[in-house]
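We're numbering straight along the sequence, starting at 1. Not measured: the values here are computed from a predicted model.
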Amino acid sequence: MNCRTLLLSFILSFICVLGHSQVQFTQRLELETKWMEDDFFVLPRDGGMVAFRMRSESGYGTKNIFEYVQADFQLEADSARQIVLEEFHELVGFDLDGQFLYILFNKGSQYNPEKSIFEINLETQSLNEMSLTSILEMELQDFLVFNKQAVFMGKYDFRPVIQILDIPSKEVVTVPGLFEKDARILQMRKDPELNVFDVVMSRRDFYKKKIVSILTFDANGDKLREVKINDLEDPSMEIVEGLLTSSHNYKQALIGPYGLRKKEAYQGLYFTKINQFGEYDNTFYSVSDFENFYNYLPDKTRERRLRKMERRLNRGKNVPIRNVVVTREINASDGYYLIYNDHFISSSSRSIPRDGMYASNFYRLNPMMGGYGGLYNPLWMDPRFRNSQVSSQYKYLAAQFILLDEDGSIIWDNTLNLDNASKDQPVKFGEMSFTGDNLFYMYLDESDLLLSQIKRGEVVMQNESFEIELINENERIADTRDDSLQLLWWYDNYYLLSGKQRIRYQDEEGRAKSREVNFFTKIKVDDFI
């Protein structure tokens, strides 16, 4: 073997070691299960995580047991706890509020259910069950709880409606000013510290002009503020949808895609900065403002796109975005905004409506809202609930990341190639971790983890594949149920992976055995450079 071959082997080995050290499987929690039982819903929380599911005593009958487990950041946990349900219970919603886990059920008859809330104190394990009799029979789209106030959002008679339940008194109020024929709720977010919640709505006026409003309500349903975003640069422009950030010093930002009315749906991105008085400033960005917009394309294709864009700009024409742009997540801290957008196309002739939330799944992925166990509402489809009978409808082109300062100036932008990956539903594609200089982006490809890294705006690694590993080196993975896998960003540069596996091992007498488990694995990602 000559020196050149030895040097090449050494370099390849070094790169391999670097890659494997970059993704570390640090802790793992297992719960014995049956292969066909329901998967756990996993929610990060202060101090760790909580996971829950419905199951049956026999494994095949009516799901009459609510099971939950909580763990700290090292995945140390007590045994799973079970609550036996005497009557029919269908899990339709959930939320966390501090130390309390709230679970919303349809209860009673499967054909004529009433609603019920379980309030579980995760510190004392005490349970408070409340039957609901005054909540409208709405088409529920979201359920959240803060400071002992439960908020129900949905549609009633094809119009948006929000009701608030005061848990201690059981009193219910209906939020006024929302029940309009052409109104749609784009986002609802809670702010427990200020004891308020925000609603982002879109309406069309008499002239079919679209107006996006941000309404802030207190816990009693009284409107505290309304900001109408209707002063755009051009009368032909309109907001497609948007994501509202949390309030910092009573200031917020609304960010998302915009388009041209009755023309191209996607022209670029807007940034609306809102001050404490409800006054706002808009900044609009087109494709030409993003230096690395086409970085996901092969070199020759990217060069052709750039030349075509330059020709259009020289002729005074706009540069539309032909694919769908959805703002998935905004990391707002220290006066900066890191924006994550998915770019995808529909592989069928079915069009994507521009109003409402169809393409967005903006602030949570809850497969239960809009139907659980039957035909799922695509608004809330979770990656774990894939219908194998439906052909792939959406091809994901790229994940775009943009860092803005508090005035809307672009610090950097870059784009990662998603290689036309197909999904049945237009869900959020991956999970990002941002710790200042470093941005990590990870997603699942069947049972492999793919990791990318952007450092100070530059792509240093893209779509590196890593197999799922066990902590115990004496055990082997016999099988992984791909459709059970769920990946979440947890905290700092740690992710949480959960799902079902069959594990091969040897007992004390050396005989080969296997077990079926629901697992929860903590994953650390490190700087490549």
- Between Phe284 and Tyr258, what is the ring plane arrangement, given parallel below 30°, perpendicular above 60°, and tilted in between?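 Answer is perpendicular, since the angle exceeds 60°.
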- Query: Which class fits the ring pair Tyr443 and Tyr441: parallel under 30°, tilted 30 to 60°, perpendicular over 60°?
  - Reply: tilted
- Message: Quick check: His343 with Tyr266 (ring centres under 6.0 Å apart)?
- Response: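 No, the ring centres sit 6.0 Å or more apart.
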- Which of these, Tyr495, Phe73, Phe520, sits in a ring-ring contact (aromatic ring centres under 6.0 Å, His included) with Trp490? Phe73
- Tyr68, Phe40, Phe41, Tyr102 screened by ring-ring contact (aromatic ring centres under 6.0 Å, His included) with Phe52, the one that passes: Phe41
- Message: Quick one about Gln501 and Asp479 (side-chain donor to acceptor, distance below 3.5 Å, no hydrogens or angles considered), yes or no?
- Response: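 The criterion, which ignores hydrogens and geometry beyond distance, is not satisfied for Gln501 and Asp479.
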- Query: For residues Asn292 and Thr415, is any side-chain donor paired with an opposing acceptor at under 3.5 Å?
  - Reply: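 Checked: Asn292/Thr415 side chains show no N/O donor-acceptor pair below 3.5 Å.
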Has the side chain of [X] got a donor or acceptor atom that lies under 3.5 Å from a matching backbone atom of [Y]?
X	Y	answer
Tyr494	Val525	no
Gln125	Leu122	yes
Arg302	Leu297	yes

- Measure the spacing between CZ of Phe401 and CG of Asn414 and express it to the nearest 0.5 Å.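 Answer rounded to 0.5 Å: 9.5 Å.
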- Query: How many angstroms lie between atom CE of Met201 and atom CE of Met188, to the nearest 0.5 angstrom?
  - Reply: 12.0 Å
- Message: Looking at Glu67 and Arg81, is any side-chain nitrogen of the basic one under 4.0 Å from a carboxylate oxygen of the acidic one?
- Response: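 Salt bridge: no.
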- Please determine which of Asp95, Asp142, Asp198 meets the salt bridge (Lys or Arg N to Asp or Glu O under 4.0 Å) test together with Arg189.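 Among Asp95, Asp142, Asp198, the one meeting salt bridge (Lys or Arg N to Asp or Glu O under 4.0 Å) with Arg189 is Asp198.
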- Report yes if some heavy atom in the side chain of Ser288 is under 4.5 Å from a heavy atom in the side chain of Leu313; otherwise report no.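 Yes. Closest side-chain heavy atoms under 4.5 Å.
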